[in-house]
Amino acid sequence: MKLLRSLDHLPTELLRGAVSIGNFDGVHRGHARIVERLIAKAREVNGPAVVFTFDPHPVRLLRPEAAPPPLTWTERKAELLVELGVDSMIAFPTDEALLALEAEEFFRDIVREKLDARAMVEGPNFHFGRGRRGDIASLTDLCRQADIALEIVEPLMCGERYVSSSRVRECVAAGEVRQAADMLTRPYRIRGLVTHGARRGSQIGFPTANIDAVDTLTPADGVYACRAIVDKRTWPAAVNIGPNPTFAENARKIEAHLLDFSGSLYGQPLEVEFLQRLRGVQAFDSVEQLKKQLADDIETTRGVAS
């Protein structure tokens with residue numbers, strides 16, 4: 001699997017295949033359905049299965065105040081797509097020149113000339129080109145004229161609503177990480193850098209790693225059963241997001257207690273996969289009450305994450 005960030009000098013093995021264009025934020029089960037058909041189309045045309053996405057999301061340039069927080073960072077998105085069988089993901093740098101391309105120009109310059117696509121797979125709400133003026137109807141006409149096979153994949157239902165990045169984002173923002181996982185191909189994950197904290201956890205026997213510089217959506221305040229990933233090793237982790245009212249600390253923090261881990265994590269990158277929300281943030285009448293609750297949280301986490 002190749003993660004590329006340019007269309008210049010593409011390897012020949014990535015040309016003349018099946019292409020799907022979109023943001024693929026979160027890589028949810030609806031995306032997995034598109035990828036399944038993309039791979040099938042790639043086999044039909046005897047070429048690669050290629051996902052073309054944007055970095056950053058176009059709305060971050062067009063309307064930054066309205067840009068939603070992302071669900072995945074670029075490298076993670078590529079990892080998830082390779083698990084589904086994609087041959088390459090192109091994370092094309094979004095700039096004013098790209099956003100200025102009319103739909104016909106985008107199709108000609110990128111789909112036909114740069115990728116030399118033989119097939120395309122998209123969802124019914126696909127839009128492309130300047131001002132999102134290109135839609136499925138215009139894409140159908142362009143593909144017909146260029147003799148490019150086009151398949152439209154219907155959205156996936158989960159309950160009474162369609163699976164979408166927006167719906168996943170709603171669940172994560174509300175702390176409903178199990179519901180989010182039902183729609184994702186993998187449990188929701190964040191990444192950050194371990195920084196120094198107040199060392200409250202160590203003082204009461206529950207040392208934590210303070211995670212900073214998180215570049216994706218952070219779940220709602222609460223305590224979660226998670227898995228922490230350090231140097232490609234996985235540890236069960238009880239994670240607290242929010243303030244620490246027992247010690248009158250109001251700053252919102254992300255603190256992870258890695259079960260059975262010893263050593264220093266300071267300065268290291270740390271990824272956290274959210275499995276289940278255990279409870280909300282609460283103030284305890286004493287440190288002893290807090291310690292008892294933390295012990296219960298850890299035992300629950302061990303059962304969920306092990």
Side-chain angles (χ1 to χ4, degrees), residues 23 25-29 57 59-60 65-73 76-77 80 158-195 197-198 200-201 206 208-229 235-259 270-284 289-290 293-294 296-305:
N23 289 303
D25 194 18
V27 189
H28 54 64
R29 289 169 52 209
H57 192 299
V59 76
R60 290 192 173 273
E65 73 284 352
L71 296 170
T72 42
W73 59 96
R76 177 62 177 163
K77 189 184 297 185
L80 294 170
C158 182
E160 297 181 353
R161 296 175 60 190
Y162 290 120
V163 174
S164 68
S165 298
S166 297
R167 188 177 172 195
V168 172
R169 196 173 288 110
E170 290 174 7
C171 287
V172 172
E176 299 170 350
V177 294
R178 290 186 68 177
Q179 292 89 329
D182 287 341
M183 293 184 283
L184 295 168
T185 57
R186 291 288 183 178
Y188 185 69
R189 185 182 293 197
I190 64 170
R191 68 172 179 178
L193 191 68
V194 178
T195 60
R200 294 282 190 191
F206 299 91
T208 60
N210 288 265
I211 306 171
D212 201 2
V214 174
D215 54 1
T216 51
L217 178 64
T218 302
D221 290 1
V223 177
Y224 297 84
C226 300
R227 295 191 188 100
I229 299 92
W235 306 83
V239 175
N240 181 85
I241 298 177
N244 192 337
T246 302
F247 295 101
E249 296 174 351
N250 297 319
R252 190 174 195 252
K253 297 181 291 184
I254 305 174
E255 301 171 289
H257 174 73
L258 278 61
L259 278 61
L270 180 66
E271 298 180 15
V272 173
E273 198 168 69
F274 289 81
L275 305 177
Q276 182 177 322
R277 188 173 191 266
L278 303 182
R279 61 180 175 87
V281 173
Q282 62 190 99
F284 293 89
Q289 285 185 0
L290 171 61
Q293 181 60 61
L294 291 177
D296 291 344
D297 295 338
I298 287 169
E299 285 309 304
T300 303
T301 294
R302 192 181 300 279
V304 171

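No experiment lies behind these values; they were computed from the predicted model shown. Throughout, numbering of the chain's residues begins at 1 and tracks the sequence.
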Checklist entry - What heavy-atom pair brings L71 and S165 nearest, and what distance separates the two atoms? => result CD1-O, 3.6 Å

Donor-acceptor check, side chain of [X] to backbone of [Y], threshold 3.5 angstrom: yes or no?
{"X": "R227", "Y": "F274", "value": "no"}
{"X": "T185", "Y": "R29", "value": "no"}
{"X": "Y188", "Y": "L217", "value": "yes"}

Next on the checklist: I need the Q179 CD to R277 CZ distance, nearest 0.5 Å.
Outcome noted: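 Answer for the CD-CZ pair, Q179 versus R277, is 10.5 Å.
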
Item to check | Euclidean distance, R252 CZ relative to I241 CD1, rounded to 0.5 Å | outcome: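 That separation rounds to 6.0 Å.
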
Item to check | Partners meeting side-chain hydrogen bond (donor to acceptor under 3.5 Å, both in side chains) with D182 (sequence neighbours left out) | outcome: none

Item to check | Those residues that, when tested against N23, pass side-chain hydrogen bond (donor to acceptor under 3.5 Å, both in side chains) (two or more places apart) | outcome: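 Residues passing side-chain hydrogen bond (donor to acceptor under 3.5 Å, both in side chains) with N23: H57.
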
Checklist entry - Between V194 and N210, is a side chain to side chain contact (heavy atoms under 4.5 Å, CB included) present by the stated rule, with each step listed? => result CA-CA 5 Å; V194 178; N210 288 265; 5.6 Å; no

Does the side chain of [X] reach to within under 4.5 Å of the side chain of [Y], using non-hydrogen atoms?
{"X": "Y162", "Y": "R167", "answer": "no"}
{"X": "P187", "Y": "L275", "answer": "yes"}
{"X": "N240", "Y": "V281", "answer": "yes"}
{"X": "E255", "Y": "I211", "answer": "no"}
{"X": "R189", "Y": "V272", "answer": "no"}
{"X": "I254", "Y": "V239", "answer": "yes"}

Item to check | I190 and its side chain to side chain contact (heavy atoms under 4.5 Å, CB included) partner, picked from T216, V172, D215, T72 | outcome: T216

Checklist entry - Is it the case that more than 12 heavy atoms not belonging to R186 sit under 6.0 Å from its CZ atom? => result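 No, because the 6.0 Å sphere around CZ of R186 holds 12 heavy atoms or fewer from other groups.
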
Checklist entry - More than 12 foreign heavy atoms under 6.0 Å from CD of E65: is that the case here? => result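 Count over threshold, so yes.
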
Next on the checklist: Please determine whether salt bridge (Lys or Arg N to Asp or Glu O under 4.0 Å) holds for the pair D25 and R169, giving the CA-CA distance in whole Å, both sets of side-chain angles, and the decisive distance to 0.1 Å.
Outcome noted: CA-CA 10 Å; D25 194 18; R169 196 173 288 110; 2.7 Å; yes

Next on the checklist: Could you walk me through whether R191 and E273 satisfy the salt bridge (Lys or Arg N to Asp or Glu O under 4.0 Å) test, starting with their C-alpha distance in whole Å, then the side-chain angles of each, then the deciding distance to 0.1 Å, before giving a yes or no?
Outcome noted: CA-CA 9 Å; R191 68 172 179 178; E273 198 168 69; over 6 Å; no

